[in-house]
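Below you'll find the structure, written out as structure tokens, and then a few comments.
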Amino acid sequence: MFDFFFNLNPVIQGLIKGLAVILVIFPLAGACSLAERKVSAWMQGRPGPNRAIVPWFAYVPFLGRFLQRLGVFHLMADGAKFLFKEEPVPGHVNKLYFVLAPALAMMPAFTTVTVVPFGAYFDGAGHAIPLVLANVDVGLLAVFAVSSLGVYSLILAGWASNSKYPFLGSVRASAQLISYELSMTLSVVPVFLWINAPGTPGTMSLAKVVEFQSLPGFWGGTWFIFLMPLSAAIFLISLFAETNRQPFDMPESESDLVGGFHTEYGAFKWSLFFVAEYSHMLVGSGVFTLLFLGGWNPLPWLPLADFVAWLHSLGGAAFVVHPLFVGVLSIALFLGKVLVVIFFFMWVRWTVPRFRYDQVMKLGWQKLLPLAIANLIFYALAIAWVQTR
Amino acid sequence: MIAPAKPELVTVNIDGKEIAVPKGMNVIEAARQVGVDVPHYCYHPKLTIVGNCRMCLIEMGLPAVDPATKAPVMDPATGKQKINWIPRPQIGCATNASAGLHIRTQTPQVKDCREGVMEFLLINHPLDCPICDQAGECKLQEQSTGYGRGYSRFIEQKNVKPKRTLLGPRVMLDDERCILCSRCIRFSKEIAKDDVLGFIDRGSYSTLTCYPGKKLENNYSLNTVDICPVGALTSTDFRFKMRVWFLKQTNSIDPESSVGANTVAWSREGVIYRLTPRRNDEVNDTWMADSGRVLYKAVTAADRLTAVKVNGADSALDIAVHAAGELFKSAAGAVAIVGSGRSTVEEQFLTKKLATALSASTHLVSRVGQGDKILVSADRNPNVRGALVTGLIPALPTAQLAALGTAIDAGQVKTVVSVGEDLFAAGLNATQLAKVAVIYLGTHANATSGTAKVVLPTLTVFEKSGTFVNQQFRLQKFLKVVPGVSGATDDLVVLSKLVAATGGAAPSDLNPLWKALSAEVPALGTVTFANLPETGLLLDATPWAALSFVEGETLHFKPAAQAAVVTA
Amino acid sequence: MAIIPLERKPLSLAERTYLPAILSGLKTTFARLLRPIETMEYPEQRPAIPPGYRGVPTLVKDPNGREKCVSCQLCEFVCPPKAIRITPGEIPADAPTAQVEKAPQAFEIDMLRCIYCGLCQEVCPEEAIFLQNQYSMSGYTRAEMVNHKDRLYELGGTLPDPHLKWDKKKAAAEHGNTH
Ligand code: SF4
Ligand code: SF4
Ligand code: SF4
Ligand code: FES
């Protein structure tokens with residue numbers, strides 16, 4: 001089956017992969033939005049969306065009712081609505097860029113997904129082969145490079161809308177993204193300093209980072225969140241800012257900018273921004289998981305390989321070591337962690353109120369950036385000390 | 001009672017305030033002059049005094065004099081003449097001002113009296129304000145707020161009396177509410193001269209009733225409703241139609257005859273609900289005739305003209321005015337104008353302008369009926385004298401347009417403008433009218449409006465402002481009560497457009513119009529619409545002293561000596 | 001009143017990072033997440049209406065089925081947004097309740113105007129208009145949102161009457177304390 005796939009024309013391979021990304025990200029983003037609504041509702045003592053139902057589905061005992069209460073059909077209804085409702089294009093906008101902006105928003109969102117490994121299996125030799133659409137060596141650099149392009153769509157949307165609020169929103173967005181990109185990048189440098197020991201071939205691959213967290217021994221099996229908690233914290237905070245999540249939702253700021261950069265957007269174009277935001281969040285959470293939460297390793301100091309071996313010894317069935325099973329298991333573990341991180345995103349959103357714009361800037365430039373630099377110097381010295389010993 | 005030409009003034013002291021009033025003046029009126037209100041029910045300034053309600057009790061005192069020497073007795077404490085206060089309260093309505101009279105209206109004793117009277121009055125009162133038409137303008141309610149107890153100590157059964165007695169075609173009596181003030185009885189006897197009402201039975205069983213076999217059906221019966229201080233007498237026309245507190249009051253004039261009784265029109269949201277008299281001591285005192293009270297119904301009558309018509313087809317005002325202009329042109333020098341004694345002074349002025357512009361002959365139709373010697377005069381046009389003053393007509397009008405008929409027969413008239421007059425009723429026949437083109441301005445449909453070439457709907461008295469000159473040559477103004485019905489245009493606008501169609505120009509707004517009026521009409525001098533007093537302005541009648549008007553004697557009006565006998 | 005200037009305590013380092021505050025906030029929201037839902041699911045569950053609730057104004061009848069309103073128009077007068085419109089009418093002299101004399105011919109309350117202030121109920125001398133439990137009014141047109149007399153009586157129903165003053169009045173007349 002794999003052979004068949006790998007023997008295909010690379011273009012067709014790429015197409016299939018691209019389609020797969022869209023097919024996965026769109027529902028996932030939708031599910032996230034539903035989760036968002038549910039989580040916020042529960043935190044506020046509300047049931048959340050629980051009304052919509054497909055007519056005949058109501059007759060399915062238990063399940064129908066359960067899915068209805070869960071609000072799953074709201075998701076479908078929303079999707080259908082976005083597709084079919086009228087697309088308003090205000091008269092005063094710059095049409096070309098106005099339409100281009102949401103499309104542009106999708107590109108970095110989808111592109112970054114390709115370089116994020118989401119699982120692994122073991123070949124005959126016991127080497128972990130990461131599951132990733134494009135296993136490029138620049139890994140994280142690619143993610144950073146591409147995802148920062150996302151701000152262009154925001155700027156474009158704000159500018160093309162030709163009205164005050166979107167413009168303010170997009171100006172804020174660009175300032176905010178630039179400010180936090182610095183701290184974010186600096187915060188992960190210690191990780192790569194650690195895995196790129198002198199003498200080894202240098203890499204920025206995310207899979208390598210996971211590999212390093214699956215090494216045997218106490219230091220080897222430690223997730224980087226324990227090893228470098230400050231890095232993790234800075235990265236996480238910057239991630240909030242980069243994905244425009246509360247408390248850093250400057251570009252949208254419903255309360256003072258109506259809707260920020262997407263004020264003039266509606267229907268499907270608006271939903272593209274929406275999906276882009278959630279896929280940014282998904283990718284961000286994925287990267288965080290890979291960098292600091294041990295990727296697809298089930299527990300600290302319990303790498304995937306050991307876990308599979310333990311399962312094998314427990315149950316004995318041969319299929320547990322089959323690459324397919326291991327792959328699926330690793331994906332599940334990885335996705336589980338990502339979802340936990342995403343839940344954390346939502347949890348914070350419905351807890352912390354929004355920052356003021358000057359506070360955002362102050363935090364970025366006066367607090368996080370010096371901290372990230374200090375952190376880098378500290379780890380550089382510490383790693384140099386450890387590795388030259 | 002005819003007041004002496006130069007009333008002797010006496011100084012009275014009311015609640016410590018000194019005021020000079022004509023000798024013999026009623027204490028209630030004297031107190032009113034110093035801003036002191038003496039509550040009363042039976043007293044009415046235009047009726048005789050009976051003093052049977054006892055609400056107006058006051059304390060009264062006179063300067064003390066030594067019975068033997070007639071020298072003033074001085075009070076050593078104040079250094080002023082001592083006042084001998086009468087220990088028992090007196091009724092104010094039957095006390096007349098005399099030199100040095102002292103009145104106290106705010107003492108505890110007076111207050112006690114008032115509260116006592118109120119409590120007795122309310123013992124048998126049904127307290128049905130929610131269904132009573134008088135609520136909101138009821139004296140009993142008014143005095144209850146000041147002197148009522150707020151609850152009743154009366155634990156026995158209340159009297160039950162008939163509640164829906166028709167005293168006459170227009171007056172309904174609720175006996176339970178009657179406080180036996182006898183105002184209605186005195187009015188019928190003294191003013192309407194139709195003594196049909198009276199009390200029967202005694203004590204709390206006293207009941208107002210009509211003389212057996214008679215009815216309160218004279219043309220002034222509704223005045224009893226106005227003067228009844230409570231809701232005992234109600235008007236069958238206004239009964240249960242609208243609460244008075246919703247109604248807006250606008251000053252108007254009764255257009256039914258040349259008396260020009262002052263009235264108040266009560267309207268809500270463009271609908272008139274009733275007409276009541278407005279006090280004008282020179283014209284109608286506080287009365288008006290029943291026949292004038294229903295005139296508001298003309299505003300919404302089914303035969304109102306609401307569409308401009310040209311040759312019988314619906315049209316627009318400007319097109320119709322243009323058509324009229326064409327008719328004027330084609331009949332140059334052969335136009336006749338039939339003005340109206342029902343038009344206002346302003347309209348007659350514009351009619352006159354139109355006549356001058358067209359060098360047309362002018363005519364007026366007189367309407368003569370039987371004068372009732374009270375408030376309906378023989379001349380049923382409210383404003384014939386206005387036509388004289390503005391110069392629309394030089395002499396008194398006749399009932400039949402004989403001269404115009406002759407002119408038509410002789411072919412000297414091709415176009416007739418009728419301002420609201422039915423030419424058929426005025427004596428022209430169909431053959432005559434077939435020879436001429438009629439331009440009709442009017443409010444209601446009639447035979448003339450049916451055959452007219454051009455029909456221009458105009459407004460009734462209640463939909464416009466203007467002035468009438470009554471039989472005394474008193475210029476009186478009335479104001480717009482409700483907006484005009486849709487489709488009809490203000491007469492002044494129509495007339496000024498017609499004048500414009502002849503190539504002239506005339507203002508259609510009251511203020512500029514009055515500038516022109518006072519400039520061009522000598523009798524009106526410096527009058528403007530705004531500065532015309534509410535009670536009217538007496539004009540100099542000497543230029544018309546030689547005319548023999550048809551009016552006979554009415555309230556506040558005596559015809560000049562050479563006046564002709566009232567025609568039937 | 002004296003103004004007392006208060007010195008703000010300077011924030012400690014931990015407080016300045018905001019982290020303890022955020023953490024305790026997170027704790028609160030997480031605890032909420034696990035608590036039962038408090039929202040009432042409206043059309044299926046209905047709130048218990050407390051006594052004295054001011055819902056849609058309605059007209060009521062007395063226990064004998066007599067319409068209590070006598071069209072005194074006080075409510076029309078007092079109504080701040082002018083939601084009430086009454087056309088008064090007369091009760092014919094041969095009707096069983098002829099002693100009341102007056103009753104509304106038409107009675108309209110425009111629920112798009114009504115602000116549920118309760119002044120009409122307060123002012124009514126006949127205790128004929130009550131703001132009762134009905135709290136939800138909806139319609140597709142403006143005209144539908146105007147409650148006419150029949151609908152008002154249908155909504156209002158019958159309320160106990162401690163006075164029955166008109167009945168007493170009739171009884172007194174029949175008893176004969178007339179002259
Ligand atoms: S009916 Fe009215 S005016 Fe006549 S006596 Fe009674 S209260 Fe007075
Ligand atoms: S509740 Fe208030 S607003 Fe509504 S009808 Fe009554 S008085 Fe008017
Ligand atoms: S206040 Fe009462 S009696 Fe009067 S009109 Fe309103 S509801 Fe009817
Ligand atoms: S007013 Fe004087 S007794 Fe009635």
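- Heavy-atom pairs under 4.5 Å with chain A were tallied for C:I22, C:T39, C:L33, C:L26; the largest tally goes to C:L26.
- Heavy-atom neighbours of C:Y140 OH from other residues, nucleotides or ligands within 6.0 Å: at or below the threshold of 12.
- Enclosure of atom NZ in C:K27 is not indicated, since only 12 or fewer non-hydrogen atoms of other residues, nucleotides or ligands lie within 6.0 angstrom.
- When the shell of 6.0 Å around CD of C:E144 is examined, it contains more than 12 heavy atoms from other residues, nucleotides or ligands.
- Between C:F30 and A:W347, the angle of the ring planes lies from 30° to 60°, which puts this pair in the tilted group.
- Around the CD atom of C:E44, the shell of radius 6.0 Å holds more than 12 heavy atoms that belong to other residues, nucleotides or ligands.
- Per-residue heavy-atom pair counts under 4.5 Å with chain A were compared for C:R35, C:E41, C:R32, C:M40, and the maximum is reached by C:E41.
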